[in-house]
Amino acid sequence: MARRVKPQEYAARRREILEAALNLMQDKGYAAMTIDDVLAKTGMSKGALYHYFRSKHALLEGIVDVMGEDGLRQLETVVEDSALGAIDKLHAYFRTESALKADNITAVSTVMQLWRDENNALLRQKLSQESMRTTAPMLEAIIRQGRDEGVFDTDYPHEAAVIITGMGLHLTDAFIDAIEADGNIGADMSGPHIRRVLSAYIQAFERILGAPPGSLALD
């Protein structure tokens with residue numbers, strides 16, 4: 001009879017495997033990393049690894065999931081901060097989001113590269129669905145707060161949050177093109193091309209919400 005693994009043990013081992021895979025991605029890159037590399041680093045057999053992840057692509061999805069879970073907790077802390085007004089809360093939300101990307105530059109860079117690959121339609125779909133599931137509700141909460149404070153003028157907070165989230169997803173290719181045009185990698189937002197695209201996005205963001213012009217401008 002196969003040994004039953006406790007949920008806590010399973011989660012801890014799964015996280016350990018993902019950390020090993022992320023270290024390998026940092027050292028070798030996602031394309032060069034192999035399942036055999038992961039086996040060597042974790043000391044696991046192929047059968048044991050497949051109990052957690054069936055492929056290299058599944059490992060990447062696992063890394064994205066963990067990154068999303070960790071990020072969600074931090075962003076929820078911002079959204080739930082009663083000391084912040086809606087506009088300050090959105091600025092804090094943007095800063096937290098940027099910091100999360102900077103802290104996970106290897107995973108973010110890999111995902112952005114794979115986003116452009118037509119063979120990764122399922123990954124794009126997964127990321128899009130997760131963004132709608134997590135990002136839109138948090139934005140909606142801030143938008144409703146801003147409407148109550150009188151700093152946003154919209155009759156449709158839920159729809160506005162969905163539109164803004166979807167707009168960001170559809171601009172992913174434009175964000176990637178701008179970062180590449182600046183000669184940067186990953187989620188580096190310091191270059192002039194990406195700053196221009198982001199400024200246009202934020203301006204559209206303001207107009208959808210009926211926010212004061214320039215109130216959400218990048219710091």
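Basis for what follows: all heavy atoms, side chains included, without hydrogens, waters or symmetry-related copies.
The CG atom of L72 lies 5.5 Å from the OG1 atom of T134; values are rounded to the nearest 0.5 Å. Between the NZ atom of K41 and the CD atom of E16 there is a distance of 11.0 Å, given to the nearest 0.5 Å. Considering OG1 of T96 and CD of E76, their distance stands at 12.0 Å, rounded to 0.5 Å. Distance check, rounded to the nearest 0.5 Å: NZ of K89 to CE of M138 gives 12.0 Å. Taking CG of L171 as the start and CD1 of I176 as the end, the distance is 11.0 Å to the nearest 0.5 Å.
Considering all non-hydrogen atoms of both residues, M132 and V162 come closest at CE-O, 3.5 Å. Of all non-hydrogen atoms in P157 and R144, the two that sit nearest each other are CB-CG, 3.6 Å. Pairing each heavy atom of S55 with each of I35, the nearest pair is C-CD1, 4.0 Å. Taking both residues in full, the closest heavy atoms of I143 and F152 are given as O-CD1, 3.7 Å, listed atom of the first, atom of the second, then distance. Of all the heavy atoms in A136 and A161, the pair that sits closest is O-CB, 3.4 Å. Listed here is the closest heavy atom pair of N184 and G191: ND2-N, 3.8 Å.
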Checklist entry - Going through the distances and angles, do I164 and L209 end up as a side chain to side chain contact (heavy atoms under 4.5 Å, CB included)? => result CA-CA 9 Å; I164 290 167; L209 298 184; 3.8 Å; yes
Next on the checklist: Using the rule given for side chain to side chain contact (heavy atoms under 4.5 Å, CB included), can you reason through R13 versus M44, listing the C-alpha separation, both sets of side-chain angles and the distance that settles it, and then say yes or no?
Outcome noted: CA-CA 11 Å; R13 187 56 166 156; M44 299 177 72; 2.9 Å; yes
Next on the checklist: Evaluate L84 against H91 for side chain to side chain contact (heavy atoms under 4.5 Å, CB included), listing each step before the verdict.
Outcome noted: CA-CA 10 Å; L84 292 176; H91 280 288; over 6 Å; no
Checklist entry - After noting the C-alpha distance and the side-chain angles of S199 and L218, does the key distance pass the side chain to side chain contact (heavy atoms under 4.5 Å, CB included) rule? => result CA-CA 7 Å; S199 293; L218 299 171; 4.0 Å; yes
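The salt bridge (Lys or Arg N to Asp or Glu O under 4.0 Å) check on K28 picks up D37, with sequence neighbours excluded. Every salt bridge (Lys or Arg N to Asp or Glu O under 4.0 Å) that R133 has, sequence neighbours left out, goes to E130.
At a threshold of 4.5 Å between non-hydrogen side-chain atoms, the residues L18 and F53 count as touching. You'll find the side chain of V78 stays beyond 4.5 Å of the side chain of I142, heavy atoms only. When side chains are defined from C-beta on, L100 counts as touching L75, because their heavy atoms get closer than 4.5 Å. The shortest distance between side-chain heavy atoms of I208 and M167 falls below 4.5 Å. By the 4.5 Å heavy-atom criterion applied to side chains, I202 and F94 are counted as neighbours. Residues D27 and M33 form no side-chain contact, since every pair of their non-hydrogen atoms from C-beta on lies 4.5 Å or further apart. A heavy-atom distance below 4.5 Å is not found between the side chains of H193 and F175. With contacts defined as side-chain heavy-atom distances shorter than 4.5 Å, the pair S45/L39 does not qualify.
Panel note: side chain S128, backbone R124; a donor-acceptor pair is recorded below 3.5 Å. Between the side chain of E206 and the backbone N or O of G214 there is at least one donor-acceptor pair closer than 3.5 Å. Side-chain atoms of K46 do not come within 3.5 Å of backbone N or O of D36 as any donor-acceptor pair.
Residue pairs meeting the side-chain hydrogen bond (donor to acceptor under 3.5 Å, both in side chains) criterion with at least one partner in residues 149-172, sequence neighbours excluded, are E140-H158, Q145-E149.
A salt bridge is absent between R196 and D177: the closest approach of a Lys/Arg side-chain nitrogen to an acidic carboxylate oxygen does not fall below 4.0 angstrom.
Put simply, L169 and V64 are part of two different groups of oily side chains (I, L, V, M, F, W, Y) that touch within less than 4.5 Å, one to the next.
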